[in-house]
2 protein chains.
Amino acid sequence: MTGRAARTKKRTRIQVGNEERILDAALAVFSRYGYRGGTIDQIAARAGMSKPNLLYYYRRKKDIYVAVLERTLTMWLAPLESLDAAGDPQEEVRRYVRRKLALSRSHPEASRLFLSEILQGAPLLRPKLEQELRAQVRRKAAVLQGWMDQGRLTPLDPVHLLFTIWATTQHYADFDSQIRAVLGRDAMTETMFETAEATILKLFFEGLGVEG
Amino acid sequence: MTGRAARTKKRTRIQVGNEERILDAALAVFSRYGYRGGTIDQIAARAGMSKPNLLYYYRRKKDIYVAVLERTLTMWLAPLESLDAAGDPQEEVRRYVRRKLALSRSHPEASRLFLSEILQGAPLLRPKLEQELRAQVRRKAAVLQGWMDQGRLTPLDPVHLLFTIWATTQHYADFDSQIRAVLGRDAMTETMFETAEATILKLFFEGLGVEG
DNA sequence: GTCTATACAATGATAGAC
DNA sequence: GTCTATCATTGTATAGAC
């Protein structure tokens, strides 16, 4: 049982609207303080409703957390899926890096929510990661490996290549505060993301080594 | 007032030992659940002492958190400091990547503790980051820029290069659970770290691009 | 100086009445 | 659909024994 709202077949306009506001608020709170650190009071206040009213929609704290995790999982897995074996290797990788970086810019809280869950040992997400993510990585690593075997990409461990792409792009969402501390409080600008993208792509495709 | 122990000039052997056990326990708890998610009870249990006894050494929860953050800050900033302008550029960068990755392997909890603090917006660490880290990054970015100007490294934004190095190496500590989910539960082996190191270094120095 | 027992106020999560 | 009541947990404080 996950609350009345989830059981009801036809949801009213008010229900849909309120559930969205709750999940938006939950995303903000949980991504900042973690599951245990976030409180229902905070979420209710941010969603502009009373705690009891919020609990009418989601009976328990965990239900809210699960719902917001599920809602963002799709977004999380989508970009890698579009890596196309039929496309040009370098262009495909380039496009993937760009999409991931764009997501870090447009949805930093989603990135931090997943990170927060993973930091805790992924107690709720583990099954999904071990099944869906694992299978997806296996498939896409095979695509990368194929390109390497054909001599169209430098031969590398394809799984660790994916880890490296995730790490570098998500860094700009997850380490937001640190980047601001180093570059200045209003550092997260369009220009900065363009510099980041150019740096990452040049590093990944040309490398640091200079011949001569 | 930060507790009696902190005021005392000469600490007994018992004090030193207990404070260490407390900070070790606090590292484990806070790195997993965050500051707000971690409880004094958990820390006390893990340190093998009663809660009142723990509070004899650190009067408030925040005092424990500050102490463990301070203790790990040195380790955090040390590797970059050793980047030597007089050394060989490629060898210096290589060594830095290796040191950071080794730290992710040997002290994953320290990495996660800082990440957790940064995720929350770095409320306690911000001053230090804006001063010490910022200054250090500025100095070391200048070193990298110098090497690039001399044509000894591919010209890139040196600050974002540092971000990329941090991201890729710390990923193996911070995303521990995700890596296990993808590679198998007992994935964090010596061999795996060797593969990671080889992949990162090859990517950084040779790049993905193949000529021909 | 070191540790235990106990208490208490605040907050949070949940259940049930209206 | 909304509000009140309840109960466990948590952070903090105090008194006193070893």
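Below, chain A is the first sequence line, B the second, and so on; all start at residue 1. Only this structure's heavy atoms are used, side chains among them; waters, hydrogens and symmetry mates stay out.
- Counting any heavy atom pair closer than 4.0 Å across all strands shown, B:Ile14 reaches sugar-phosphate atoms only and no base atom.
- Pairs of residues two or more places apart, or lying in two chains, that qualify as salt bridge (charged side-chain N to carboxylate O under 4.0 Å, His left out) and include a residue from residues 188-199 of chain B are B:Arg105-B:Glu190.
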Between the protein and nucleotides 10-13 of chain C, which nitrogen or oxygen pairs are less than 3.5 angstrom apart?
from: C:dG12; atom 1: OP2; to: A:Asp41; atom 2: OD2; distance (Å): 3.1
from: C:dA13; atom 1: OP1; to: A:Lys61; atom 2: NZ; distance (Å): 3.0
from: C:dA13; atom 1: OP2; to: A:Ile40; atom 2: N; distance (Å): 3.0
from: C:dA13; atom 1: N7; to: A:Lys51; atom 2: NZ; distance (Å): 3.1

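- Per the geometry, CE belonging to A:Met49 stands 9 Å off P belonging to D:dT2, to the nearest Å.
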Under 3.5 Å, which donor-acceptor pairs link side chains of residues 159-167 of chain B to any protein atom two or more places apart or in another chain?
from: B:His160; atom 1: ND1; to: A:Tyr172; atom 2: OH; distance (Å): 2.6
from: B:Thr164; atom 1: OG1; to: B:His160; atom 2: O; distance (Å): 2.9
from: B:Trp166; atom 1: NE1; to: B:Tyr96; atom 2: OH; distance (Å): 2.7

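- Dashed line: the shortest gap from a side-chain N or O of B:Asn18 to OP1 or OP2 of C:dC3 is under 4.0 Å.
- Picking from D:dT4, D:dT12, D:dA13 the nucleotide with the shortest atom distance to the side chain of B:Pro52 gives D:dA13.
- Rounded to an integer number of Å, the gap from CG of B:Leu54 to P of C:dA5 is 15 Å.
- B:Lys62 forms no cation-pi arrangement with B:Tyr35, by the criterion of a distance under 6.0 Å to the ring centre and an angle within 45° of the ring axis.
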Output a table of donor-acceptor pairs, distance under 3.5 Å, between side-chain atoms of residues 106-117 of chain B and any protein atom two or more places apart or on a different chain; print 'none' if there are none.
from: B:Ser106; atom 1: OG; to: B:Ala102; atom 2: O; distance (Å): 3.1
from: B:Ser111; atom 1: OG; to: B:Asp174; atom 2: OD1; distance (Å): 2.8
from: B:Arg112; atom 1: NE; to: B:Ala173; atom 2: O; distance (Å): 3.0
from: B:Arg112; atom 1: NH2; to: B:Asp176; atom 2: OD2; distance (Å): 3.4
from: B:Glu117; atom 1: OE1; to: B:Tyr65; atom 2: OH; distance (Å): 2.6
from: B:Glu117; atom 1: OE2; to: B:Leu124; atom 2: N; distance (Å): 2.8
from: B:Glu117; atom 1: OE2; to: B:Leu125; atom 2: N; distance (Å): 2.8

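- Counting to the nearest Å, the C1' atom of D:dG11 and the CG atom of B:Asp63 are 12 Å from each other.
- Whole-Å rounding puts the A:Tyr58 OH to C:dT14 C1' distance at 18 Å.
- Between B:Tyr56 and C:dC3 there is no side-chain polar atom (N or O) within less than 4.0 angstrom of OP1 or OP2.
- Within 6.0 Å of CZ on A:Arg138 lie no more than 12 heavy atoms contributed by other residues, nucleotides or ligands.
- The interatomic distance linking A:Glu19 (CD) with D:dG1 (C1') rounds to 14 Å, in whole Å.
- At the phosphate of C:dT2, OP1 or OP2 sits under 4.0 Å from a side-chain N or O atom of B:Gln15.
- Not counting sequence neighbours, A:Asp84 has no partner by the side-chain hydrogen bond (donor to acceptor under 3.5 Å, both in side chains) test.
- Proximity of B:Asn53 to the phosphate of C:dT4: a side-chain N or O atom is located under 4.0 Å from OP1 or OP2.
- Taking the side chain to side chain contact (heavy atoms under 4.5 Å, CB included) definition, one finds that A:Lys202 meets it with A:Glu206, B:Thr154, B:Pro155, B:Leu156, sequence neighbours left out.
- The distance between atom NZ of B:Lys62 and atom P of D:dT12, rounded to the nearest whole Å, is 10 Å.
- Contact check, A:Ser50 against D:dT2: no side-chain N or O comes under 4.0 Å of OP1 or OP2.
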